[in-house]
Amino acid sequence: MGALKIGLALFCATALVNSSPLPKAETCGYASCQVPIEGMTNVHLIAHTHDDVGWLKTEDQYYYGHRNNIQLAGVQYIIDSVISELPKDPSRKFIYVETAYFRQWWDHQPQEIREKVEGLIESGQLEIISGGWAMHDEAVTHYQSIIDQFTWGFRTIDDMFNTTCARPKIGWQIDPFGHARETASMMAMMGFDGLFFARLDEADKRNRFEKKELELVWKASVNHGPSSYLFTSANHDFYYPPAGFCFDILCRDDPIIDDLYSPDYNVDARVDGFIEYIERQSSYMKTNNILVTMGTDFSYQQASYWYDNLDRLIKYVNERQTTADGKINLMYSTPSCYLKAVQNAGQTWTTKDDDFFPYASDDYSYWTGYFTSRPTLKFMERKGNNFLQICKQLSVLADLREEKWEDLASLREAMGIMQHHDAITGTEKQHVAEDYAFRLHRSMEHCHETTKNALNKLAMKVEAAENLEFRSCLYSNISQCDVSEISDRFVVTLYNPLAQAASPFVRLPVREFAYQVRDEIGAVLSNTQMIKIPTPVLTIPGRSSQATQELVFQAMDVPPLGFKSYHITRTTTPLQPPSSVNEFTIANEDIEITFDQDTNTLSSVRDIAADKIYSITQDFQFYKARAGTNLQPSTRASGAYIFRPLDHKKFPVSNSPPTLETYKGDLVNEIHQTWNEWISSVTRIYKGSKAIELEWTVGPIPVTDLQGKEVVTHMKLDGWETLGKFYTDSNGREVLERNRDLRPTWDFNPEFEPVAQNYYPITTTISLRNHAADNNNEEFVVITDRAQGGSSIENGTLELMLHRRLLFDDDKGVGEALNEEAFADGLVARGKHILLFGQTQDHPTSLYKQRQLTRDNMVLAPWVFLTPTTLAATDYQSKYNTLYSGLMKEVPPNVNLLTLEPWGGPDGDQILVRVEHFLEQSDDPELSTPAFVPIMGLIERINDNYFVRETTLGGNQWLEDNVRLEFKVEGEDEVSQQLPRPDPSEDATNITLNPMQIRTFIIQSRSGAISNFPNLISLAALLALALCRAFL
Ligand SMILES: [Zn+2]
């Protein structure tokens, strides 16, 4: 392409970037709100339903109203019923949250109903709020999956409605069990104006009632400043109606009877009762507005029950306005309308910069058990995200948009459902947990077809070559894999979803033979190693495998967004698994790990280069889960939600030292420990790495003693002064300081549950810092492979809860004890921790980059695809590419490619791209600086035939069109709280990312169909497009 064309392309790209959608005349949003009456208490009645996407019933059982013997709930009837009730009075309003259900309902509707619904949305009567696929949990969810589930929800909303009125502007998180600062930060980045929730520590809530601080401005990011401020409002009474005013068919409260001749006439008494409630509650508010939720779980299945009574309540309360003491104004409203009224009041708000964890519903009930509940489902979800990102990337790289949109959508949706606050949390009934796992597995199978097609397309050198299988070993977490165990000859293709090259160690379960590994050019790897599979793993119930050892090799420099293939042949030489050596130290060039010869447990780690020895011990212990009747707070049992250890103390898992076996080799050194009949572990170090891997296997947890148990790994650093502080991540992003026995914003009594109240959610990382005077800024970091609860119960210690098996329900609704079984025994969980030692930010060799990269390598691990083959290595290479990189330009080491996915629908040509700077401002002197990233030219497809345009985080609004409501903050001058505007002169081949910034782009083909994005593609953009087409 000549210089002129390049110039035109740049002009055209800029022209598109600067154009805005034309405004559409609509009465939705803030314009549709009733105006509050000055001098009165304005009561915003919020008609809503809370529809869990699975909990006591599966998603489908809830949607269809199936299994009503478990819970009388049918979402299809709710939406049907509301849609027929709303038009009866234009003042009636309703909000709907869960896009998963709305989409399911929409798919069953004829065109005239769809049009009617769109009309209700355009008039502001029906408001889509939050708009994620589900109402996500905030403790155990990873930011990548939170962003994805919102993005897919928003996208689905855009696909259903041809109006910007459907675009959510408010977060509605009224049931999740505590609230993450990072979720608030992401909502700000999505352009939201505010957030409503309900569950905060009851003591915090009482305190906030007294101080009129149930509403505040949350400073949601230390890196983003005022653009991350989010107005946050905590509901008075969860999301329920005032006592006595639940008009639902599921409730038993009295209707309002206004027939004067009826012996049951009750208007005066009912109005008095309601006014009394409002007068009491409004005394806690800073403005003359109050939000009253009118709905509950699966309410409005018969919406007329509600609306007929609410109509009367509004009528008769407002009639009192003519009396001398009539000071109350009732109206149908929405959280958005309430928010706007509050903002208009011009108040100044207090702020908060920590988070709302942990949540306690009384002095004895800390909701910190669910941080760990169902550890295998939590791990499966994380692998689901890993594979979803790979499936998306490969779909883009191989340009599979038409054929595989539905398969990709299926995994997007299964992962969206997994984020629900009763899914990944482990607080659902057993059959529902199995349904989540089934859906996720089925969708991963669908996406396997996509990855197979993509890899074939990218690998095929010769057109006549046969299509290959690219299988996954989904049982590799129990060292089982049919392809590597059975095949004489197979190809291992590693796909690396990171934006930087990776050199992972590959482990393949194999039988007792010698194997030969050839690299991508056919050269035999001199360095491979066999390592014994720990004996306790061989006997995990349900494991069906002939493998007794694992073949280990390092896949060097697997390209970013690319793959590299290795050819593996089994020789006929029998090879027994290597035997152990009688040694207590394992080492590589960087670190040396020593175990104590008397206790057979970890005793020290030496950093060889720094000549520094860290004295550390590690063991496994368990808490005895408290049994209880739950009849009063003090008899609360430990359950799926609540962690309540008996006597607040840990017990050893065995009275004798663990057995210890040491295995050494060129690539990996391992110490295998068997702690008892149901706990074993492996401590390992790989060649060239300072990361210590600690693999744990826990279960079946015995309960024949009728004692539920909650198992932790416990680490202690001798001589570390940690001052009660430890550090945990928020949704896998920014790190928060935690202080044992302390809450930053209220006087806290730490006596009641001294252990459980100190537990915090660990999505990916927990760390300790040595605050002793001569400590050289030492830091110890543990990275997890799934969400877990963790804490530092004594100075210098860390613990992470791995697995729980309980015999009592905690009476928080699920109605089952968390007693997971599989293969007629307690469920076994196996997982990994990565342990890192280093220095904090003030030190030139900061640990942060390694920490983040390790974390990324856990979250976005290279995926192992296996292909049985009969071809010799040279024949395979002649027909198929064995090395491929989709990334055309280098991405800086502090930048992660968060999203690369097809976005044009089944036949459109759009790509959604997100890039993120993954370090915080204070992390690293060198890397916490702005990074420069190419978007145009990042991959081959994103070339001059495409436009690049920036959106808000959810991908559903052009960034420059977003305007957030701003709120005055106590003690601060008024500064803009708007999101950073795109700079029109910024070059798409080199965009700037500041620390922790995420930027989202839609990349649109100049030639492709563009009708799939009705709400984003403006007339101006179309004109610019036509102009550019004419020129180019
Ligand atoms: Zn819920």
Side-chain angles (χ1 to χ4, degrees), residues 52-55 58-60 98-104 130-157 159 176 183 186 190 374 376-396 404-426 428 432-451 472 474 497 731-732 763-764 785-787 858-861 863 897-903 912 914 953-955:
D52 292 305
V53 187
W55 178 38
T58 67
E59 190 211 19
D60 275 357
E98 294 83 7
T99 304
Y101 281 136
F102 208 92
R103 177 61 195 240
Q104 203 168 0
S130 262
W133 198 249
M135 186 183 291
H136 75 277
D137 169 72
E138 300 186 29
V140 296
T141 44
H142 188 265
Y143 68 95
Q144 190 165 32
S145 299
I146 298 172
I147 294 169
D148 271 2
Q149 78 100 14
F150 270 108
T151 307
W152 188 243
F154 294 165
R155 168 60 196 251
T156 304
I157 291 165
D159 285 349
T183 284
M186 287 186 276
M190 290 188 288
R374 299 193 188 278
T376 61
L377 191 65
K378 283 181 165 74
F379 180 67
M380 187 178 178
E381 184 276 339
R382 203 61 73 79
K383 296 316 282 180
N385 176 57
N386 195 168
F387 193 59
L388 173 59
Q389 304 310 325
I390 288 167
C391 191
K392 289 174 174 184
Q393 291 183 0
L394 280 169
S395 299
V396 172
K404 290 296 162 200
W405 182 258
E406 287 303 321
D407 287 345
L408 191 51
S410 146
L411 187 50
R412 285 170 171 138
E413 290 168 13
M415 281 299 295
I417 291 172
M418 282 306 302
Q419 309 311 312
H420 167 60
H421 58 270
D422 291 304
I424 188 171
T425 50
E428 64 283 65
V432 180
E434 285 160 14
D435 183 67
Y436 289 132
F438 165 74
R439 284 166 181 268
L440 184 52
H441 183 263
R442 185 181 58 186
S443 303
M444 286 175 80
E445 289 293 311
H446 290 164
C447 246
H448 257 119
E449 285 302 304
T450 304
T451 53
S472 293
L474 296 179
N731 297 133
T763 309
T764 58
D785 62 355
R786 74 201 70 189
M858 292 278 260
V859 174
L860 290 174
W863 198 267
L897 179 65
L898 192 61
T899 306
L900 178 69
E901 68 178 299
W903 208 235
L912 186 70
R914 274 192 199 93
L953 183 66

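Just so you know, these numbers use all the heavy atoms, side chains as well, and skip hydrogens, waters and symmetry mates.
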Those residues that, when tested against S145, pass side chain to side chain contact (heavy atoms under 4.5 Å, CB included) (two or more places apart): E381, N385, M415, Q419
Determine yes or no for a side-chain-to-main-chain donor-acceptor pair under 3.5 angstrom, with H421 supplying the side chain and M135 the backbone. yes
Any residue meeting salt bridge (charged side-chain N to carboxylate O under 4.0 Å, His left out) with R103, in chain and number order, not counting sequence neighbours: D107
Does any non-hydrogen side-chain atom of T151 lie less than 4.5 Å from one of W903? yes
Before giving the answer on side chain to side chain donor-acceptor pair (under 3.5 Å), spell out for H448 and D407 the whole-Å C-alpha distance, their side-chain angles and the decisive distance to 0.1 Å. CA-CA 9 Å; H448 257 119; D407 287 345; over 6 Å; no
If you apply the rule side chain to side chain contact (heavy atoms under 4.5 Å, CB included), what do you find for I417 with Y436, and how did you get there? CA-CA 8 Å; I417 291 172; Y436 289 132; 3.3 Å; yes
Heavy-atom nearest pair, M186 first then I147, reads SD-CG1, 3.6 Å
Got a salt bridge between R439 and E413, using NZ or NE/NH1/NH2 to carboxylate O under 4.0 Å? no
With the side chain counted from C-beta on, respond yes when Q149 and T141 share a heavy-atom pair under 4.5 Å apart, and no when they do not. no
Are any of the side-chain heavy atoms of Q104 and V53 separated by less than 4.5 Å? no
Minimum heavy-atom distance A414-S443, with the two atoms named: CB-OG, 3.3 Å
T763 side chain to A139 main-chain N or O, any donor-acceptor pair under 3.5 Å? yes
For D148, which residues count as a salt bridge (charged side-chain N to carboxylate O under 4.0 Å, His left out) partner, sequence neighbours excluded? K392
